[in-house]
Amino acid sequence: MEFEQQVEKVEARIRKACDRSGRPRTDVRVVAVTKYVSVERAKQALQHGYSHLGENRWPDAREKLEEISDAATWHFIGHLQTKKAKHVVGKFQYIHSLDRLSLAEEIEKRAKALDLTVPCFVQFNVSGEPSKYGLPPEDADTFVEQMNSLPHIRIIGLMAMAPHEEDAQRTRPVFAQLRQLRDQLNQKQIYHTRFHELSMGMSNDFEVAIEEGATIIRLGSVLVGNDG
Ligand SMILES: *Cc1c(COP(=O)(O)O)cnc(C)c1O
């Protein structure tokens, strides 16, 4: 019951942000981030129509993946160590944290062995905080160009995390820059096909991200909670 109310509140905020920016609600997909919560809570999210679930560490995700498996579409959203890619490819349908060539080559190798293509987001560190993962935006052209030669990876968009701000409005430039980066890469035709997705916005800043063009928001605490 409590969860139902939480869902209603968040959905109302999403709708309003969509309205403010003249976008249909169907433009924005929610990935329910279940990394803090139990398998039961993840199943509850599924029952409420959140069929896309996100996890950021393989060991923590394992139990949920085994229990829920293909009842959900799984997104790997956290930093991915190269040696862990073998656990992730084939189990998660999307990888949001592609941020270096060595990781791309490992994903390529694993995907090829399984005869599948992995849709990926290139993660950027737009704010330049040293503590954040992601490519510097200056490296975008070179990196995305390199992805052309890895046929088992398909770049479908870009991903970024904004710094935590008390005032979410201050995250706006980060999201706007990621959108511009996507548009520039497409305009220059660096990649062999256009890509559209922007994975940006979390509990603290999803409304601003929607206003700046997010197509995927990753919601943990505000939606499913963070207390197990
Ligand atoms: C944990 C996490 C989220 C969700 O965080 P909340 O602030 O709880 O919504 C989103 N994206 C990534 C990459 C995360 O690690």
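This is a predicted model, so every value here is computed, not measured. Start at 1 and go down the list; that is how both ligands and their atoms are numbered. Quick note: residue numbers are just sequence positions, from 1. The basis for the numbers below is simple: all heavy atoms, side chains too, and nothing from hydrogens, waters or symmetry mates.
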TODO: Identify whether the distance between the nearest side-chain nitrogen and carboxylate oxygen of Glu207 and Lys16 falls below 4.0 Å.
DONE: no
Open item on the list: Strictly below 4.0 Å, N to O, side chains only: are Glu108 and Lys112 in salt-bridge contact?
Closed with: no
- [ ] Name all pairs fulfilling the ring pair (Phe, Tyr, Trp, His ring centres under 6.0 Å) condition that reach into residues 49-72, sequence neighbours left out, sorted by first residue then second.
- [x] His52-His75, Trp58-His87
- [ ] Sorted by first residue and then second, give each ring pair (Phe, Tyr, Trp, His ring centres under 6.0 Å) pair with at least one member in residues 149-206; sequence neighbours left out.
- [x] none
TODO: Please name all residues satisfying side chain to side chain donor-acceptor pair (under 3.5 Å) with Ser199, sequence neighbours left out, ordered by chain then number.
DONE: His96, Arg218
Open item on the list: Tell me which residues fall inside the under-4.0 Å heavy-atom shell around ligand 1.
Closed with: Val33, Lys35, Tyr36, Asn56, Ile77, Met159, Met161, Met202, Ser203, Arg218, Leu219, Gly220, Ser221
Open item on the list: Is it true that Thr215 and Glu197 share a donor-acceptor pair across their side chains at a distance under 3.5 Å?
Closed with: yes
